[in-house]
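Take a look at the structure set out below.
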Amino acid sequence: MSEHGSKTAPIAGAHAGETRRDFIHIAAATVTAGGVAAVAWPFVQQLAPAADTRALSSAEVDVSKVPLGSEIRVLIGGQPFFIRHRTPGEIASAKAGDTAQLRDPATDDSRLVKGADGNLNPAILVTSGTCTHLGCVPVGPAQGSVGEFGGWYCPCHGSHYDTSGRVRKGPAPKNLAIPKYEYSSPTMIKISL
Amino acid sequence: MSGPSTYEPKSGFTKWMDERLPIIRFGADLMDFPTPKNLNYWWTFGGILAACLAIQIVTGIVLAMHYVANTQMAFASVERIMRDIDFGWLIRNIHANGASMFFLAVYIHMFRGMYYGSYKNPREVIWILGVVIYFLMMATAFMGYVLPWGQMSFHGSAVITNLIGAIPLIGEPIKTYLMGGPAIGDPTLNRFFSLHYLLPFVIAGIVVLHIWALHVPGNNNPTGVSVKDVKKDTVPFHPYYTVKDGFAIVIFLILFALFVFYFPNALGHADNSVEANPLQTPAHIVPEWYLLPFYAILRAVTFDIGPIPAKLLGVIAMFGAIVVLFILPWLDTSKVRSMRYRPVARSLFVVFAFASVGLGFCGANDPDKFVFNFGPDKVALVYTDTNRQPQREVSDDYAALRARQSALPPTAGAAIEVQSEGFKWLWLSQILGAYYFLYFLVFLPLLGVIEKPKPRPASIADSVRKKHGSATPAAAAH
């Protein structure tokens, strides 16, 4: 610095060693950093889901078509969701017991959504189809295995979910997630990612 | 020229590293490289080209994440990049215009090398590697232009592959291997995509050789006079030329951005916004602007020579126009590098530069249209005479022709049409194409013998001192 900065005298000697060349270096580095950041942003953001992918991030499902005691599975943007039509027995077992003792405490009602009439519809349970352990898709009544608690069983590492989709046994840390959804009519739901 | 390394590792780590992988020394020596102190802005295009290659590779890698190399989906996938991918429009516009910017810079870089004699002893290998890079750039650009699968993509690639088919004996098999089928299709698109991704890295490898070869004799300079005294004639590459190149790159990027943001389609062709249709060729097939001079040379050959048909001769001329660049160091027989001191060669070079650009315009225009008209248009009466022979009568007098027309029997099928006479683009491309080859094959070899060069400065330091009117060497300030 001193070699090149010698021609530009320090300003009034007040700031020893600080020269106009220092200012130029700092200003140039700042502008360069700003430019690099401005260019980097689009190149990172292009990795995000594109507009057409985002446009496919919700789906409407007719829940009246789900057979009693079974479920249907839908893919939204490649992600699986379970829509289960529970029997009165399954509903009763979901509501029974002390939920505070569970690994991920939640009441059955907290896992339901109000319908168009303002009441919960306990017959229809909508959950994510992704095991909270490592992302496998648990098997359910349609695959002939519901686990020890009547809900779902994850074949990858043996997590058991109950009829409310709550984890009861195995390595999964959380209950099956409840997606964002709403009743657009008494029988139609709209699930969004 | 660089001499022994002056780098001295200071810290423990750099000493440890220097004994194992002297990469810090390598970088330090590059930055310290003695560079002639009189390089002008024409010398910044090497740095600009490095930036262009980096931009094309980075944007290209991103585009390859979204592009689909399939004839059914390629065009739609490009539309998706433009409409749905976040900033896809920006990245594709940079890549598409980046090709044009790359060629603009490479042409300036090559003209600079030709004007200042940078290809001459001892820099022949630098020049040849540069021509190899240029040739690979053309191949890469051509294959990249096919990928969007527009009308120009498809029919342009059909024309080029058919060119190769014109080569006797080996042409047809090569063409078939290139296309992977009876016509341009999915196999062609897939191999072009693969090679379009590969070749830029090959280019980058040859760029390393190009720079390596440059660092043996060091840079040429506007006087063409070799460095005599490293202390007086040169300055370290950093900070003198990192800053100068950096400034030039910024100016160049402003021009680049102007195209990307304000005229993104100005250098492209409207027909490529229409999806490829193998059943319908666009009315006017043209390559991208940077290939137009060679296209003009190809089309300029409309005559057979002996047993060689015009089609093959055109292909020979077109490839010859590039091949001649490889032997340029030996075609130019003059010992004087810079054309500053070669008055005749300098004039002929300026004409050559205009001829090259002019050939570009010839390539863009219909060869049978006119550059300018000879006088006002006339009218012609065309009909079939009683011997069933076609007849044509040209006149200025429309009324008289009209009377002649009504006098002819209906079986003559008489009609009146506009008759223009003018100077065809074809003829211009033949004149300029002839000059292109004359310059390399006749003028440059001869001039070295007959031209009397002007006196050259004794050294680079001397020329700088003279320019700035300073008599004492000590005052040569920088």
Checklist entry - Any residues in residues 127-166 of chain A near chain B, with a heavy-atom distance under 4.5 Å, and which are they? => result none
Checklist entry - Around B/R83, counting heavy atoms of other residues, nucleotides and ligands shown, do more than 12 lie under 6.0 Å from its CZ? => result no
Next on the checklist: Report, in residue-number order, which members of residues 34-62 of chain A are under 4.5 Å from chain B by heavy-atom distance.
Outcome noted: A/W41, A/P42, A/F43, A/Q45, A/Q46, A/L47, A/A48, A/P49, A/A50, A/A51, A/D52, A/T53, A/R54
Next on the checklist: Can you tell me how the ring of B/F87 sits relative to the ring of B/W89, calling it parallel under 30°, perpendicular over 60° and tilted otherwise?
Outcome noted: tilted
Next on the checklist: Side chains of B/D245 and B/T44 only: does a donor on one sit below 3.5 Å from an acceptor on the other?
Outcome noted: no
Next on the checklist: So for B/I85, is it side chain, backbone, both, or neither that comes closer than 4.5 Å to the heavy atoms of chain A?
Outcome noted: both
Checklist entry - About how many Å separate CD1 of A/I191 and CD1 of A/I178, when rounded to the nearest 0.5 Å? => result 10.5 Å
Checklist entry - So, do A/L120 and A/V113 sit near enough that their side-chain heavy atoms are less than 4.5 Å apart? => result no
Next on the checklist: So for atom CD1, which belongs to B/I23, do other residues, nucleotides or ligands contribute more than 12 heavy atoms lying within a distance under 6.0 Å?
Outcome noted: no
Checklist entry - Do B/N272 and B/F75 touch side chain to side chain, with heavy atoms closer than 4.5 Å? => result no
Item to check | Salt bridge flag under 4.0 Å for residues B/D32 and B/R25 | outcome: no
Checklist entry - What class does the angle between the rings of B/F259 and B/F263 fall in, given that below 30° is parallel, 30 to 60° is tilted and above 60° is perpendicular? => result perpendicular
Checklist entry - Does the side chain of B/S5 pick up a donor-acceptor pair with the side chain of B/D29 at under 3.5 Å? => result yes
